[in-house]
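Here's the structure we're looking at; comments come further down.
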Amino acid sequence: MSWLTVETPLPSGPMHIAVTPLGVVAGGYLGDEAGELPRCTDEAKIAAVNGRIGTYLAGRSRELGLPIDWSLSTGPHRAVLQTLLREVPYGRTITYGELAARSGVFEDVAEPGLAARTVGQMMAANPVPLLVPCHRVVAADGIGGFGGGRVGIDVKRWLLTLEGVLEPTLDWNGPL
DNA sequence: TATCGCATCTAGT
DNA sequence: ACTAGATGCGATA
C-alpha cells in the first residue's frame, strides 16, 4: 500500500490516506504521521482521492464514491462497518446501541449496553475513517466520543455540522 | 499468546 | 443529577 496526504478544512488539518489497487485501505486524521510512510506516486490516484474528499468536505457532494479495500477488517468488525455504511445515509445519525442491533452481530448478547460498547471499540479501530461514516454514530444522549484526543471530537462535530445534523458553532469554518 | 485500554448503556442512589 | 458495573474487540509485546 502507498500513502498520500490530503489537504482538508478539518480542525485537525490534513489527512493521510493509504491506497491499494483495490481502493482505499486505511486513513488517519493526523497528516504528520505520514512522514516516514511510503508515498503514493500515482498522480491519477492522488488526483482522484484529493478531488473526491475535497468536494465532499466542501459540501458539494454527498457521496465520496471511492472504492474501499476491506482487507484490514475482518469478521464482526467488518460486518458492523458495512452495516453502518449501508444503513446510515448522509445527514442521518445512529446510536451505538442501534447500530449494534442493526448489524445482527450481537444477537446473543443479553444487555444492550454491552453490545453498544463493543461497537464503540470497533469505531475506534475503524481503519477507514470518513469513508466509513463512523462520525455518524453517536451516544444515546449526546454526541458521544471520538478518537484522536481533544481534536478528534472537534472533527466529529465538524463533520456532523457539514451534514446538517448539528447547528453551526463558533469554531465552524466550513463551507456554509 | 497474554494483557491492556477503551468513541457505551442501564440501573440504583 | 451522579456513580458504578458489565463485555468483546484490536493493538502491543
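All chains are named by letter (A, B, ...) in the order of the sequence lines, taking the proteins before the strands, and each is independently numbered beginning at 1.
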Closest to the A:Leu114 side chain, choosing from C:dA6, B:dC9, B:dA7: C:dA6
query: Considering only heavy atoms from C-beta outward, does the side chain of A:His135 approach that of A:Phe146 to under 4.5 Å?
result: yes
- prompt: Can you tell if the side chain of A:Leu81 reaches within under 4.5 Å of the side chain of A:Pro127, non-hydrogen atoms only?
  reply: yes
query: Just checking A:Ala139: base, sugar-phosphate only, or nothing, at a heavy-atom cut-off of under 4.0 Å?
result: sugar-phosphate
message: What contact category does A:Gly147 fall into here, base, sugar-phosphate, or nothing, at under 4.0 angstrom with non-hydrogen atoms?
response: base
- request: Take the angle between the ring planes of A:Tyr90 and A:Tyr56 and call it parallel below 30°, perpendicular above 60°, tilted in between.
  value: perpendicular
- line: Between A:Met1 and A:Ala18 the two heavy atoms that sit nearest each other are SD-CB, 3.7 Å
Spacing between [X] atom [atom1] and [N] atom [atom2], to the nearest angstrom:
{"X": "A:His135", "N": "B:dA7", "atom1": "NE2", "atom2": "P", "answer": "18 Å"}
{"X": "A:His77", "N": "C:dA11", "atom1": "NE2", "atom2": "C1'", "answer": "12 Å"}
{"X": "A:Phe106", "N": "C:dG8", "atom1": "CZ", "atom2": "P", "answer": "9 Å"}
{"X": "A:Asn126", "N": "C:dG10", "atom1": "CG", "atom2": "P", "answer": "12 Å"}
{"X": "A:Gln121", "N": "C:dA6", "atom1": "CD", "atom2": "C1'", "answer": "13 Å"}
{"X": "A:Phe146", "N": "B:dT8", "atom1": "CZ", "atom2": "C1'", "answer": "16 Å"}
{"X": "A:Leu130", "N": "B:dA7", "atom1": "CG", "atom2": "C1'", "answer": "16 Å"}
{"X": "A:Glu98", "N": "B:dT8", "atom1": "CD", "atom2": "P", "answer": "17 Å"}

message: Using a 3.5 Å limit on both distances, find every run of at least three consecutive Watson-Crick or G-U pairs that involves DNA chain C.
response: B:1-6 with C:8-13, B:8-13 with C:1-6
message: Both A:Arg117 and A:Thr74 contact DNA chain C. Taking the nearest nucleotide for each, which residue is further toward the 5' end?
response: A:Arg117
query: Just by distance, do the side chain of A:Lys156 and the backbone of A:Cys134 share a donor-acceptor pair under 3.5 Å?
result: no
task: With sequence neighbours left out, write down each residue that passes salt bridge (charged side-chain N to carboxylate O under 4.0 Å, His left out) with A:Asp171, or none if nothing qualifies.
output: A:Arg157
field: Approximate separation, where rounding is to 0.5 Å, of A:Thr118 OG1 and A:Met123 CE
entry: 11.0 Å
